[in-house]
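These notes are about the structure you will find just below.
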Number of protein chains: 2
Amino acid sequence: METLRDRKRAATRHSIRRAATLLGLQHGYENVTVDMICDASMVSARTFFNYFGSKEGVYISSPKPTPNQTQVKAFVEGTGSSVFGDLFSMIAEKIVDNDADLEYFRERHQLIQQTPELLNREKARISETEDVFVGYVMDRFRFRGRSEKETPDLMDEARMVVSLVFGAMRYTMQKWATSNFADTREDLVLGASRLIQRITKNEHWP
Amino acid sequence: METLRDRKRAATRHSIRRAATLLGLQHGYENVTVDMICDASMVSARTFFNYFGSKEGVYISSPKPTPNQTQVKAFVEGTGSSVFGDLFSMIAEKIVDNDADLEYFRERHQLIQQTPELLNREKARISETEDVFVGYVMDRFRFRGRSEKETPDLMDEARMVVSLVFGAMRYTMQKWATSNFADTREDLVLGASRLIQRITKNEHWP
DNA sequence: CTGAAAATTTGCAGAGTATGCACAAATTGT
DNA sequence: ACAATTTGTGCATACTCTGCAAATTTTCAG
């Protein structure tokens, strides 16, 4: 059950985030100090750090929920013909389906886009989770009877697949932002896979 | 001509870098302070920041030289059948052919690998240059008669190609490090392209 | 060789980020 | 209402980083 405490915490958290984002948009990330954010959101500096740990923390997206057991199982044991498509789809679902405050989401996105430092952090944060997905892909490979006995660099292949999908993901996020976050997950998956197909098909390898 | 001043600068730079790396390996990145590095390399803290701008700066690889005009022209107007292969090759050349101090290179690499924060920074630094290469790929597309008239999302395709290649690059760097930096550029290109082929060929798109 | 010019290094003051700790205030469950 | 628990704050302190001016070192022309 959601207690008063929980609601207050959420409110404080959001209030600080919003103040920080607005100040960032107004003065530029570099020129915003933690004190300014604290003044605007009426908490002590100590509380700010209790909540976000660092100045940057307030701007960076909170950790994305990793896929749950059901989704992972569906991916690993799924009969889909494309690792790319299936993996992309699973990841997209977690990123797209946030029913959060769209206005705040856009403001934050705009600020991040126009602040190279934050943009890089955001990118880094995203690829941090790559390893988890490499694990899933390996599981899927094994489920389909492939093993490291038969293909010594199976892990590399998995890594590569994840790399490619995360590349596609970056491209897609860009596109999604341009569309003002209007596209559905199906749109995104379709767009990304169409493009990947075109690229891989066009290539003639020596 | 190389003056005494230049040599001293280089020596100081290297001395600070080495001290920093050794201390990092010994105490862990988090526990190394700028003062410790300065004590060990006998410069003032102010000088440290004159050279590297930030504590992190001393650990992050110095900006990789972008390909020169000749290499770019060769890529843009080249007759190679694979954008992937050609682009990968061009980038690999710039990264591989550093004739720097191998011992220091390995120490730094080890430290970065075992320090998540530095690893992410390094990744971020690498992808920062993506935009430049997107430009080259676009030039190559246009040189071959493709235009945004005919393919509205040509730029997206270019971005995607670069994403994929940088993904391959990450994979390759990993592999290269494992081989203790012994492989030649040809080895790397071959290995990466073989893997990409396997992956793209294996896929059956719906 | 010498002295002025230019580049480099340094010390210092100060702003900003971040952490630990103890205490005050608010909330919860009884 | 009250004891326990959680949350917020003040304070001291460490560390990163910048601007500025003075001190030092290197360069180079005469």
Side-chain angles (χ1 to χ4, degrees), chain A residues 1-24 26-60 62 111-112 115-118 120-122 124-125, chain B residues 1-21 23-24 26-60 62 111 115-118 120-122 124-125:
Chain A
M1 155 213 166
E2 198 191 50
T3 87
L4 166 62
R5 223 167 231 171
D6 293 334
R7 267 180 294 141
K8 275 203 170 180
R9 257 189 95 74
T12 305
R13 189 174 204 75
H14 190 258
S15 148
I16 299 176
R17 273 236 176 89
R18 240 196 113 69
T21 306
L22 258 22
L23 283 168
Q26 190 173 350
H27 305 274
Y29 172 71
E30 301 273 336
N31 307 312
V32 177
T33 71
V34 172
D35 279 342
M36 287 164 69
I37 301 174
C38 291
D39 284 350
S41 53
M42 295 191 302
V43 295
S44 73
R46 197 62 189 76
T47 297
F48 175 92
F49 285 106
N50 281 343
Y51 272 89
F52 297 104
S54 73
K55 172 184 164 184
E56 227 182 51
V58 79
Y59 292 109
I60 298 301
S62 39
L111 175 61
I112 289 180
T115 310
E117 190 179 337
L118 289 180
N120 285 329
R121 285 288 187 165
E122 192 70 3
R125 249 196 50 68
Chain B
M1 156 215 165
E2 199 192 51
T3 83
L4 166 63
R5 218 168 237 170
D6 293 333
R7 268 180 294 142
K8 277 204 170 179
R9 258 188 94 74
T12 304
R13 191 176 203 74
H14 190 258
S15 149
I16 298 176
R17 272 234 178 89
R18 240 195 114 68
T21 306
L23 283 169
Q26 191 175 348
H27 304 223
Y29 171 71
E30 300 275 337
N31 307 311
V32 177
T33 72
V34 172
D35 279 341
M36 287 164 69
I37 301 173
C38 292
D39 284 349
S41 54
M42 295 193 300
V43 295
S44 73
R46 199 60 188 76
T47 297
F48 175 92
F49 284 107
N50 282 344
Y51 272 90
F52 297 102
S54 72
K55 172 184 165 184
E56 226 182 51
V58 79
Y59 292 109
I60 298 301
S62 38
L111 176 60
T115 311
E117 189 178 338
L118 289 179
N120 285 328
R121 285 289 188 163
E122 191 70 3
R125 249 196 50 67

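Please read all numbers here as calculations on a predicted model, not as lab measurements. The chains referred to below are lettered A, B, ... by the order of the sequence lines, with proteins before strands, and numbering in each begins at 1.
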- Query: Got a sec, which pairs hit salt bridge (charged side-chain N to carboxylate O under 4.0 Å, His left out) with one end in residues 47-58 of chain A, sequence neighbours left out?
  - Reply: A/Glu56-A/Arg121
- Task: Report the residues that fulfil ring-ring contact (aromatic ring centres under 6.0 Å, His included) with A/His14, sequence neighbours left out, ordered by chain and then residue number.
- Result: A/Tyr104
- With sequence neighbours excluded, residues passing side-chain contact (heavy atoms from CB on, under 4.5 Å) with B/Arg13: B/Arg17, B/Tyr51, B/Phe52
- Task: Check the distance between D/dT25's P and B/Arg7's CZ and give it to me in whole angstrom.
- Result: 17 Å
- Query: What's the CD1-P distance between B/Ile60 and D/dT16, to the nearest Å?
  - Reply: 15 Å
- Message: Tell me whether A/Tyr59 contacts the main-chain N or O of A/Ile112 through its side chain, where contact means a donor paired with an acceptor under 3.5 Å.
- Response: no
- What pairs meet the salt bridge (charged side-chain N to carboxylate O under 4.0 Å, His left out) rule with one or both residues in residues 2-12 of chain A, with sequence neighbours excluded? A/Glu2-A/Arg7
- Note on the structure: Applying side-chain contact (heavy atoms from CB on, under 4.5 Å) to B/Arg46 and not counting sequence neighbours gives B/Ser44, B/Phe49, B/Asn50
- Message: What is the distance, to the nearest angstrom, from the CG atom on A/Leu4 to the P atom on D/dT7?
- Response: 11 Å
- Closest non-hydrogen atom pair, A/Gly57 against A/Ser54: N-OG, 2.9 Å
- For chain B, the stretch of DNA chain C it reaches, first to last nucleotide, under 4.0 Å of its heavy atoms: C/dA6 to C/dC12
Donor-acceptor list for residues 28-43 of chain B side chains, cut-off 3.5 Å, not counting sequence neighbours:
{"unit_1": "B/Asn31", "atom_1": "ND2", "unit_2": "B/His27", "atom_2": "O", "d": "2.8"}
{"unit_1": "B/Thr33", "atom_1": "OG1", "unit_2": "B/Asp35", "atom_2": "N", "d": "3.4"}
{"unit_1": "B/Thr33", "atom_1": "OG1", "unit_2": "B/Met36", "atom_2": "N", "d": "3.2"}
{"unit_1": "B/Ser41", "atom_1": "OG", "unit_2": "B/Ile37", "atom_2": "O", "d": "2.7"}

- Mind calculating the distance between CZ (A/Arg9) and C1' (D/dT7) to the nearest angstrom? 7 Å
- Item | Strand contacts (DNA chain C) in residues 41-51 of chain B, 4.0 angstrom heavy-atom criterion | B/Val43, B/Ser44, B/Arg46, B/Thr47, B/Asn50, B/Tyr51
- Does any residue of residues 29-37 of chain A have a heavy atom under 4.0 Å from DNA chain D, and if so, which ones, in number order? none
